[in-house]
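Single-structure report; data block below.
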Amino acid sequence: MSNIKRVIYIVLGTLFLVLGAIGVVLPLLPTTPFWLLTCWFYIRSSEKLYNKAMANPYFGAYVKSFLVDKSIPVRIKFISVGMLWTTIAISTFS
């Protein structure tokens, strides 16, 4: 892999990492897809960054779960839908 392609993958992986982190507090921005993209770019550019992302105590377990089970845990689905409806209710009544 050329160095330019590697650097582009690292930059894109980091961008998706940041977007995924923002998605934790903004209910309209999904976290898991961005973390999956982060891992996809990191595994193709830097094994060290990939391992660091997967070792993250907050998000690593969810990504591993998605990669193994091909699903998001039910608890996280309930939290996501609840936050979405809360945001809709706040924006509707304010």
Side-chain angles (χ1 to χ4, degrees):
M1 175 183 293
S2 69
N3 281 339
I4 293 173
K5 188 175 180 181
R6 184 171 184 253
V7 169
I8 290 171
Y9 277 17
I10 290 173
V11 168
L12 287 172
T14 305
L15 172 69
F16 289 123
L17 175 73
V18 170
L19 287 174
I22 292 170
V24 170
V25 293
L26 294 178
L28 298 176
L29 202 61
T31 300
T32 303
F34 287 129
W35 269 80
L36 290 172
L37 284 169
T38 295
C39 291
W40 189 87
F41 281 111
Y42 280 174
I43 195 70
R44 284 162 177 74
S45 60
S46 171
E47 189 174 335
K48 180 181 176 183
L49 288 173
Y50 173 77
N51 290 334
K52 198 170 189 178
M54 293 301 281
N56 183 293
Y58 300 108
F59 305 112
Y62 297 116
V63 174
K64 287 176 192 173
S65 171
F66 187 83
L67 293 174
V68 172
D69 301 330
K70 302 293 185 213
S71 67
I72 299 171
V74 175
R75 179 178 163 272
I76 300 305
K77 288 179 186 179
F78 281 125
I79 291 171
S80 298
V81 171
M83 290 180 70
L84 180 65
W85 278 105
T86 301
T87 303
I88 290 170
I90 290 171
S91 64
T92 301
F93 296 116
S94 61

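Under the 4.5 Å side-chain contact rule for hydrophobic residues, Ile8 and Phe41 share a cluster. Hydrophobic clustering (ILVMFWY, side-chain heavy atoms < 4.5 Å, transitive): Trp85 and Phe78 are in distinct clusters.
A donor-acceptor distance shorter than 3.5 angstrom exists from the side chain of Ser91 to the backbone of Thr87, with no hydrogens or angles considered.
Tyr42 and Ala53 make their closest contact through CD1-CB, 4.2 Å (heavy atoms, listed as atom of the first residue, atom of the second, distance). Of all heavy-atom pairs between Arg6 and Ser46, the closest is NH2-CB, 4.1 Å. Listed here is the closest heavy atom pair of Ser45 and Tyr9: CB-CB, 3.6 Å.
For the atom pair CG (Asn51) and CD (Glu47), the distance works out to 5.0 Å, reported to the nearest 0.5 Å.
Checked options Leu12, Leu17, Leu15, Thr14; the residue passing with Thr38 is Leu17 (criterion: side chain to side chain contact (heavy atoms under 4.5 Å, CB included)).
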Ignoring hydrogens and angles, write down the donor-acceptor pairs under 3.5 Å from the side chains of residues 18-29, residues two or more places apart or on other chains.
none

